[in-house]
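Counting starts at 1 for both ligands and their atoms, following the listed order. Quick caveat: nothing in here was measured; it's all calculated off a predicted structure.
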Amino acid sequence: MTSQVKIQTVDTLLVDVPTIRPHRLSVATMNHQTLVLVRIRCTDDITGWGEGTTIGGLAYGEESPESIKVNIDTYIAPMLVGQDPSRVAHLMSQVQERIQGNRFARCAIETALYDAQARRLGVPLSELFGGRVRDRIPVAWTLASGDTARDIAEAERMLDLRRHDIFKLKIGLRTVRDDVAHVAAIKRALGDRASVRIDANQAWSVTQALTGMAMLADAGVDMVEQPIVAHDRIGLKRLTDANIIPVMADESLHGPRDAFLVASQQAADIFAVKINQSGGLRGAAQVAAIAQAANIELYGGTMLEGAVGTMASAQLFSTFHELAWGTELFGPLLLTQEILREPLHYSDFSLVLPRSPGLGLEIDEDRLMHLQRAR
Ligand SMILES: O=C(O)C[C@H]1C=CC(=O)O1
Ligand SMILES: [Mn+2]
């Protein structure tokens, strides 16, 4: 059956938004985030939105905000204009055939197409992925100011607000001993009121990780995320087999193929599932399925996307039967500017999913036009 509906325009927007405080990772200190938004307008007056946001320019991934935009504008958008937007899988398989790599760009496009199609069908995006298991999902907060006392005060405020009771601490810029002292002080202050985890963003060697993990386990930390370099699967397996503390794979996962390799070697206890790293929602769903088949637990990860990428992730994660480690879908809360008419709803330590069609968001387009980077 062919529909008469066609894709009219595919636009990309770069939006630079300051963060509420410096966000210090081992690979970059973020004072702002650059949202890469895609808007797909169709001839049936339906508009879909997607996001392909990364972290720290080229510091975290091999796509920059600028490369995502230029590659969509130059190569992907012309392939889509004039085509039937309701055939999302078909369009994405065409993109996959002709575009190498560019997972973030493909995620942004795929999300916008699914948002539009779900709106067309009058259902939340989650329904296109099998339907929801839950209407709210737990959300962790990252403590990454670089200052122990400030991080403790921030955590206390989040607990008081009942916004977060899971904290991920960014480490890897100092010596292992200094980092562990920082983490242990925070865990001591929070006690059993919160789960504390760390993310070294690949900063440690295997031997540093083995030492650090033992000390972190003693301090009461619940899990370590990507302690060592992304490509070292054998090293990651050594850490997992050491059985000191649960190990989560993050940067080691660039979609289903990596997920299969890590899972088949049982090289991690937990997967951070990310829609952008997986090349889109379907890729991320496949990563999750591979994890579950291998008895690897799930965590809903973020690339610190704004509202669009965050809600796209939430729509998918809401369909996961098991989500043992919760999510970190706090991206919009790290930003100083709102791009929605109604902000996302966070309460009782979780993000609430809207029931309205598509992503369930209303973009404030006037505001976005005002905020977007000058061309
Ligand atoms: O997990 C990462 O490596 C990236 C990101 C997610 C949360 C956060 O603070 O940084
Ligand atoms: Mn991480």
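Residue Ile234 qualifies as open at atom CD1: its count of foreign heavy atoms under 6.0 Å is 12 or below. Other residues, nucleotides and ligands contribute only 12 or fewer heavy atoms inside 6.0 Å of the CZ atom of Arg282.
Judged by the shortest distance from any of its heavy atoms, Lys274 lies inside the 4.0 Å radius around the atoms of ligand 1. For Gln226, the heavy-atom gap to ligand 1 stays at 4.0 angstrom or more.
Listed by number with element, the atoms of ligand 1 under 4.0 angstrom from any heavy atom of Ile55 are 4 (C), 5 (C). Atoms of ligand 1 found under 4.0 Å from any heavy atom of Asp250 (numbered from 1 in listed order, with element): 1 (O), 2 (C), 3 (O). Atoms of ligand 1 lying under 4.0 Å from at least one heavy atom of Asp199, given by number and element, are 1 (O), 2 (C), 3 (O). Counting atoms of ligand 1 from 1 in the listed order, those under 4.0 Å from a heavy atom of Thr302 are 4 (C), 5 (C), 6 (C), 7 (C). Listed by number with element, the atoms of ligand 1 under 4.0 Å from a non-hydrogen atom of Glu328 are 1 (O), 6 (C), 7 (C). Near Leu304, the atoms of ligand 1 lying under 4.0 angstrom from a non-hydrogen atom of the residue are 5 (C), 7 (C), 8 (C), 9 (O), 10 (O). Ligand 1 places these atoms under 4.0 Å from at least one heavy atom of Thr142: 7 (C), 8 (C), 9 (O).
Counting only N and O atoms by type, the side chains of Ser145 and Asp151 include a donor and acceptor under 3.5 Å apart. For the residue pair Arg41 and Thr9, no side-chain donor N or O sits within less than 3.5 Å of a side-chain acceptor on the partner. Side-chain contact annotation: Ser252 with Gln226, donor-acceptor N/O pair under 3.5 Å present.
The Mn ion (ligand 2) has no N, O or S atom of Glu251 inside 2.8 Å of it.
The part of Phe330 lying near ligand 1 is the side chain, judged by heavy-atom distances below 4.0 Å.
Under the 4.0 Å criterion applied to side-chain N and carboxylate O atoms, Asp348 and Arg163 are not assigned as salt-bridge partners. Between Arg367 and Glu338 there is no salt bridge, since no side-chain N of the basic residue sits under 4.0 Å from a carboxylate O of the acidic one. Salt bridge present: Lys274 and Asp250 bring a charged side-chain N and a carboxylate O closer than 4.0 Å. Between Asp165 and Arg193 no salt bridge is recorded (no basic side-chain N to carboxylate O distance below 4.0 Å).
Among His23, Met30, Glu225, the residue whose heavy atom sits closest to atom 9 (O) of ligand 1 is His23.
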Should His23 and Arg21 be marked as a side-chain hydrogen bond (donor to acceptor under 3.5 Å, both in side chains) after you check the CA-CA gap, both sets of side-chain angles, and the distance that decides it? CA-CA 6 Å; His23 198 64; Arg21 57 150 168 75; 3.1 Å; yes

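Closest to atom 1 (O) of ligand 1, if we only count protein heavy atoms, is Lys168 NZ, 2.7 Å.
Considering backbone and side-chain N/O atoms, Lys170 comes within less than 3.5 Å of an N/O atom of ligand 1. Distances between N or O atoms of Tyr60 and those of ligand 1 include at least one value under 3.5 Å.
The Mn ion (ligand 2) is the vertex of the angle joining OE2 of Glu225 and OD2 of Asp199, which measures 90° to the nearest 10°.
Distances from the Mn ion (ligand 2) to the N/O/S atoms of Asp250 are shortest for OD2.
Test Glu62, Glu110, Glu63 against Arg103 for salt bridge (charged side-chain N to carboxylate O under 4.0 Å, His left out) and you get one pass: Glu62.
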